[in-house]
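Have a look at the structure below before the remarks.
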Amino acid sequence: MNYTAKEVMQFVKEEDVKFIRLAFCDPFGVQKNVSIMPSELERAFRHGIAIDASAIKGFGGEVHSDLFLHPDSSTLSVLPWRPEHGRVVRLYCNVSYPDGTPFENDTRNILAKAVSDAAKAGYSFNFGSEMEFYLFRLDENGLPTTVPYDNAGYMDIAPEDKGENVRREICLTLEQMDIMPESSHHEEGPGQNEIDFRYSSPLVAADNSVTFKSVVRTVAARNGLYADFSAKPLQSMPGNGLHINISAGEGKNKQLMPYVIAGILDRIADITLFLNPTEASYSRLGNNKAPKYISWSGENRSQLIRIPAATGEYSRAELRSPDPACNPYLAFALLIYAGLDGIERRAELPEPADINLFAADKSVTARFKTLPASLAEAKRIAADSDFVKSCLPESLIQIYCKL
């Protein structure tokens, strides 16, 4: 529900809310927050709440350490796992300097600008995520191990699938927060799970992705487990993917997708650093259905981009290279800009690769360009990319390139 500031303050008063968490993300998509009391909420909406940003990587140093959080009233959500009496709610925030100027490394604001730029050009985008994670057991000290919660396989059922009840609890918790999952199931790896979301507007989809990781970790901990979203938790097993479903339109015209896909294919190497930001990301790519080659096709899971068998409002393109370690605000912003670039240039979509690239002979795969093979290569390409420089502030590029 899109609450106004006035409605949020009324909700807090009437629903016995005692703590308001003002949430934001660092440049890498890691959620942070500060809690305020209801008496401070009006000030938060009017002036913002100051934070010392010097200890947050990418948010500045000790000399200029003050930044302000400005809550977005439309993101109000009750945290269902907190007490019913003395409730806790969460609001996502935009970040600014003391004079009100938007903070350049606030990735939520970067995505909002991308959405605005697309709207000015007459286009709209929607995103839906499919995020994978492993459930691991804890040791006697409550610390994470690499022992999977079960040994089930793809879409297995209980009793082999021990994550069934955990996924159920996650989905019900998300529903209480007005986030609607589409489906959930056991993935290929032992203890590996996937939950998929219906498409939504870019900012909502990114907010939901950040919320999702928080909910999964909370529910896992409540069940004596650890949820691991890293790209390759177990070297010999499938990695965790973040498949991103993308649709675009111009009013009621939905015929833009060939240009959008072509734009993403042309720019994917430049932006891979931001979609796959860790060393482990590159151990995942090229293995267990994770793509290596820059290609597309219909219903073919060996491709970078596949066009799922769907019709009407569910028509979309699925990008299969990103992993959950990425910052969804940055990922969606860069995909919007790549799509806009393809639309503006009327980029030509190459012929579909209707072959299994995981099994194809080298003589076949040699004609395809590949994604960066390492974090170092991805950094070099991003640092040299005029396209990336046109989309992101130089300070943010440097943060990623100096990881």
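Just so you know, these numbers use all the heavy atoms, side chains as well, and skip hydrogens, waters and symmetry mates.
- Contact annotation: the side chain of Thr107 approaches that of Leu396 to within less than 4.5 Å [non-hydrogen atoms, C-beta and beyond].
- Using a 4.5 Å heavy-atom cutoff, the side chains of Asp106 and Phe24 are not in contact.
- Using a 4.5 Å cut-off on side-chain heavy atoms (C-beta onward), His185 and Asp161 make no contact.
- The shortest distance between side-chain heavy atoms of Pro102 and Ser96 does not fall below 4.5 Å.
- For Val115, the side-chain contact (heavy atoms from CB on, under 4.5 Å) partners at least two apart in sequence or on another chain are Leu111, Pro202, Ile336.
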ask   = Between Ile51 and Lys32, does a side chain to side chain contact (heavy atoms under 4.5 Å, CB included) hold up when you go through it step by step?
value = CA-CA 11 Å; Ile51 60 168; Lys32 309 286 186 179; over 6 Å; no

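- Taking the centre of each ring, Phe103 and Phe59 come in below the 6.0 Å mark.
- Here CZ of Arg137 is found 6.5 Å from OH of Tyr149. Values are rounded to the nearest 0.5 Å.
- Arg82 places a side-chain heavy atom less than 4.5 Å from the side chain of Arg21.
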ask   = Going through the distances and angles, do Leu334 and Asp270 end up as a side chain to side chain contact (heavy atoms under 4.5 Å, CB included)?
value = CA-CA 10 Å; Leu334 289 167; Asp270 297 47; over 6 Å; no

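- Residues passing the salt bridge (Lys or Arg N to Asp or Glu O under 4.0 Å) test with Lys389, sequence neighbours excluded: none.
- How far CG of Asn276 is from OH of Tyr282: 5.0 Å, rounded to the nearest 0.5 Å.
- With Lys289 as the partner, the salt bridge (Lys or Arg N to Asp or Glu O under 4.0 Å) test is satisfied by one option alone out of Glu132, Glu187, Glu188, Glu318: Glu188.
- Ring geometry, Phe127 versus Phe332: the interplanar angle falls under 30°, so the pair is classed parallel (tilted spans 30 to 60°).
- Summarising the local packing, CZ of Arg168 is surrounded by 12 or fewer heavy atoms from other residues, nucleotides or ligands at distances under 6.0 Å.
- Remark: aromatic rings of Tyr134 and Tyr226 are distant, center separation not under 6.0 Å.
- Taking the side chain as every heavy atom from C-beta outward, Glu194 and Tyr154 never approach each other to under 4.5 Å.
- Interatomic distance, His243 NE2 to Asp323 CG, rounded to the nearest 0.5 Å: 10.0 Å.
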